[in-house]
Amino acid sequence: MAVAAVTTEPLDRQLPMPFHPPLHTPPTKKRLPAGRPREWYVSHNRRLKAMRLAIALLDSGVYQPSSAGNHRIRTTAECLGMHPPSDTTCRMVRALIRYGR
């Protein structure tokens, strides 16, 4: 009926959609706090990398840790423009996929 046309707003008056950057752009980096041991920085960066890779794999349809082998994780990292992850990082990615279920 004509009621729907009267009550809806025109497209130009709707609120803009939030901007979602594409996956291939690197996230903005913040400075890490100073004064921590080097091992803390290494593990922190490893967790961030594993989280980014797990999100990218989940977005691409990999929902089972068994289907996320080292080769697939490293290929995803290459597509995202990251350095190839270590075996430890690959294990962390699989753990994140497992525990996210």
Side-chain angles (χ1 to χ4, degrees):
M1 293 194 137
V3 176
V6 173
T7 58
T8 58
E9 293 182 0
L11 289 176
D12 58 346
R13 293 178 62 200
Q14 289 181 352
L15 295 175
M17 295 293 292
F19 174 71
H20 295 290
L23 289 177
H24 57 72
T25 58
T28 57
K29 295 184 179 182
K30 298 183 216 172
R31 294 183 59 92
L32 294 175
R36 305 217 179 187
R38 184 177 192 281
E39 295 81 26
W40 183 88
Y41 297 105
V42 170
S43 65
H44 176 77
N45 289 328
R46 188 183 306 268
R47 286 190 304 265
L48 288 178
K49 186 175 195 174
M51 190 169 32
R52 282 189 216 114
L53 286 169
I55 290 169
L57 286 168
L58 288 169
D59 286 345
S60 68
V62 177
Y63 301 114
Q64 298 292 326
S66 59
S67 60
N70 287 355
H71 179 70
R72 188 168 202 169
I73 293 171
R74 289 185 175 120
T75 305
T76 304
E78 183 180 334
C79 291
L80 295 175
M82 297 180 183
H83 289 286
S86 65
D87 291 342
T88 305
T89 306
C90 290
R91 279 194 301 274
M92 288 179 78
V93 170
R94 285 189 287 276
L96 285 170
I97 292 172
R98 182 179 310 116
Y99 293 123
R101 300 186 76 217

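Quick note: residue numbers are just sequence positions, from 1.
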- Message: Donor-acceptor check, side chain of Y63 to backbone of I97, threshold 3.5 angstrom: yes or no?
- Response: no

- Quick one: side-chain hydrogen bond (donor to acceptor under 3.5 Å, both in side chains) pairs with a partner in residues 77-86, sequence neighbours left out? R46-S86, S86-T89

- Message: I'd like to check the side chain to side chain contact (heavy atoms under 4.5 Å, CB included) partners of M51; sequence neighbours left out, ordered by chain and number.
- Response: L48, I55, L96

- Item | R74 side chain vs P85 backbone, donor-acceptor pair below 3.5 Å | yes

- Query: For the hydrophobic clusters of this structure (ILVMFWY residues joined by side-chain heavy atoms under 4.5 Å, transitively), does one cluster hold both V62 and M82?
  - Reply: yes

- Do R94 and N70 come within less than 4.5 Å of each other through their side chains, counting heavy atoms only? yes

- Considering non-hydrogen atoms only, spot the tightest contact between A68 and L57 and give its length. CB-CD1, 4.3 Å

- Message: Using modelled atom types and a 3.5 Å cut-off, is there a donor and acceptor pairing between side-chain atoms of R36 and backbone atoms of Y41?
- Response: no

- Between K49 and P84 the two heavy atoms that sit nearest each other are NZ-O, 3.8 Å

